[in-house]
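Accompanying notes for the structure given below.
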Amino acid sequence: MNYFDLPKIDLHCHLDGSVRPQTIIDLADEQNLTLPTRDIAQIQQMMIAPETCPNLDEYLKRFELPGMVMQTAQALERISFELFEDAAKENVKYMEVRFGPLLHQVKGLSLDEIMQSVVRGMKRAEAQYDIHGNYILSILRTMPKDQIKAVLEAGAKHINKEESGIVAFDLAGSELPGFCHEFIPYAQYAQSLGYHVTIHAGEQGAGQNVHDAIALLGAERVGHGIFIHNHPQAYQLVKDEAVALETCPSSNVQTKAVNSLSEHPIKAFHKDGIAVTINTDNRTVSNTTMTDEVRKVMETFDLTEQEYFEIYRVSVESAFSSDSVKAHLMSFAK
């Protein structure tokens with residue numbers, strides 16, 4: 001099967017985890033920053049997480065280099081454009097990219113400048129390639145909460161337009177049991193402003209977090225959600241509410257959400273009527289593409305083309321896009 005030519009949708013991809021290594025070097029030169037090395041192979045090695053990390057926090061260390069250079073409007077626009085360009089060139093038809101605006105204020109950029117920059121880069125790619133996209137605003141659970149409302153308010157002007165650019169609120173970063181209780185007012189405020197909600201949960205052993213993300217925070221999708229397999233109430237809630245899981249197979253192996261791809265529950269979930277999607281998480285940090293992710297899943301679990309398109313349709317139905325974009329995406333489904 002030609003996996004490259006299959007139409008693909010990526011609903012869970014992080015901007016700072018998907019930067020081209022050469023771009024790190026270029027931007028460091030432009031910004032007069034000193035890198036640990038200028039050897040692109042070594043830069044790449046520093047950005048790619050080991051195939052298996054001891055834990056999620058070890059995986060997250062790979063975001064330090066991109067964070068250094070992602071502090072200007074020009075850098076953010078370029079990285080955004082290049083990510084959508086790379087995806088479009090492997091037949092990704094739609095992508096939702098998440099990023100944390102608060103991580104890009106080291107040099108004084110306003111929240112508005114940060115958001116406009118990434119949307120501008122995405123729009124430039126949409127104009128050149130057959131791809132559509134949107135942005136998701138991620139709040140890191142470990143950061144102070146005093147700026148969350150400001151982030152939501154800055155992004156709100158992009159919502160509820162036909163091609164808005166920013167569509168959802170997300171919580172990301174290290175996952176502790178019971179974290180959802182701290183964020184109820186912020187999720188409610190996001191929804192009042194018109195945001196969709198997707199929450200990273202159930203990536204690190206706590207199936208209860210998935211239940212809480214849906215019941216307490218109103219999550220319409222869940223990032224990863226692997227550990228509903230050992231939490232019957234969360235499993236049933238995901239199934240009953242048709243909450244899509246944004247699985248990221250390679251990343252899930254790297255962060256030890258599963259020990260190996262063959263142990264990943266994606267096929268079992270799909271067979272039981274759970275809404276599952278296939279995504280990259282971080283194209284650079286996980287050293288992957290959507291083509292790679294689709295190939296790995298289809299070959300490991302012996303999925304048919306029909307089963308692939310069942311998952312593709314779930315991705316379309318679960319996308320935080322306009323009805324016109326969804327109709328366009330459905331036109332590729334067999």
Side-chain angles (χ1 to χ4, degrees), residues 9-14 94-100 132-139 141 148 151-152 155-156 158-172 175 179-203 206-228 231 233-248 266 269-270 272-279 281 310-327 329-330:
I9 292 174
D10 192 349
L11 298 179
H12 190 119
C13 182
H14 291 264
Y94 177 79
M95 181 163 60
E96 289 179 7
V97 177
R98 55 196 72 197
F99 83 120
H132 293 272
N134 277 303
Y135 266 93
I136 294 171
L137 305 182
S138 288
I139 298 296
R141 291 175 281 228
I148 296 178
V151 172
L152 293 172
H158 295 272
I159 296 177
N160 295 329
K161 298 175 183 175
E162 176 63 16
E163 300 299 335
S164 63
I166 294 175
V167 291
F169 164 77
D170 171 41
L171 294 173
E175 181 182 353
F179 73 85
C180 291
H181 294 270
E182 301 175 40
F183 292 94
I184 293 171
Y186 305 105
Q188 290 176 340
Y189 188 52
Q191 289 170 306
S192 75
L193 293 174
Y195 285 88
H196 291 285
V197 177
T198 176
I199 304 292
H200 281 73
E203 184 180 12
Q208 181 66 41
N209 283 347
V210 178
H211 191 281
D212 292 348
I214 300 166
L216 301 180
L217 304 183
E220 301 160 69
R221 296 197 323 241
V222 168
H224 306 293
I226 303 301
F227 282 91
I228 65 169
H231 194 290
Q233 293 85 1
Y235 188 99
Q236 198 60 45
L237 185 60
V238 166
K239 191 172 181 179
D240 290 347
E241 299 293 325
V243 173
L245 302 183
E246 304 157 353
T247 72
C248 307
I266 184 169
F269 285 171
H270 177 63
D272 195 41
I274 296 286
V276 293
T277 63
I278 302 170
N279 312 278
D281 202 7
E310 289 170 359
I311 293 171
Y312 176 89
R313 289 187 190 92
V314 169
S315 295
V316 176
E317 291 162 0
S318 306
F320 299 145
S321 67
S322 65
D323 290 341
S324 60
V325 169
K326 286 189 178 185
L329 299 174
M330 279 298 189

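What you see below is based on every heavy atom in this structure, not just the backbone, and it leaves out hydrogens, waters and symmetry mates.
Rounded to the nearest 0.5 angstrom, Cys180 SG and Arg141 CZ are separated by 7.5 Å. Interatomic distance, Leu193 CG to Ile159 CD1, rounded to the nearest 0.5 Å: 6.5 Å. Here CG of Leu237 is found 9.5 Å from CD1 of Ile228. Values are rounded to the nearest 0.5 Å. Here CD of Glu241 is found 11.0 Å from CD of Glu220. Values are rounded to the nearest 0.5 Å. In this structure, Leu329 CG and Tyr312 OH are separated by 5.0 Å, a value rounded to the nearest 0.5 Å. Considering CG of Leu245 and CD1 of Ile274, their distance stands at 6.5 Å, rounded to 0.5 Å.
Side-chain atoms of Glu175 come within 3.5 Å of backbone N or O of Glu203 as a donor-acceptor pair.
Considering every non-hydrogen atom in both Ser321 and Lys326, the closest pair reads OG-CG, 3.2 Å. Annotation for Asn209 and Gly202: closest pair CB-N, 4.3 Å, computed over non-hydrogen atoms. Taking every heavy atom of both residues into account, Ala187 and Leu217 meet most closely at CB-O, 3.7 Å. In terms of heavy-atom proximity, Ala206 sits nearest to Phe227 at N-CB, 4.2 Å. Closest heavy-atom contact between Thr277 and Leu11: CG2-CD1, 4.1 Å. The two residues Ala172 and His14 make their nearest non-hydrogen contact at CB-CE1, 4.5 Å.
Paired with Tyr195 under the rule side chain to side chain contact (heavy atoms under 4.5 Å, CB included), one option of Ile136, Leu137, Asp170 passes, and it is Leu137. Of the residues listed (His132, Arg221, His12), the one engaging Glu96 in a side chain to side chain donor-acceptor pair (under 3.5 Å) is Arg221, and it is the only one.
Taking 4.5 Å as the limit, every side-chain heavy atom of His231 sits out of range of all side-chain heavy atoms of Val210. Considering only heavy atoms from C-beta on, Glu246 stays 4.5 Å or farther from His200 through its side chain. Residues Asp281 and His224 meet the side-chain proximity criterion, which asks for heavy atoms closer than 4.5 Å. For the pair Ser192/Tyr189, a side-chain contact is recorded, criterion being any heavy-atom separation below 4.5 Å from C-beta on. Proximity of Tyr135 to His158: side-chain heavy atoms (C-beta onward) are nowhere separated by under 4.5 Å. By the 4.5 Å heavy-atom criterion applied to side chains, Val238 and Val222 are not counted as neighbours. The closest side-chain heavy-atom distance from Tyr186 to Leu171 is not below 4.5 Å. Residues Tyr94 and Asn134 meet the side-chain proximity criterion, which asks for heavy atoms closer than 4.5 Å.
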Take Phe183 and Asp212 through the test side-chain contact (heavy atoms from CB on, under 4.5 Å) and record every step on the way to the result.
CA-CA 11 Å; Phe183 292 94; Asp212 292 348; over 6 Å; no
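Ring-plane geometry between Phe269 and Tyr235 is classed as perpendicular, the angle between the planes exceeding 60 degrees on a 0 to 90 degree scale with a lower cut at 30.
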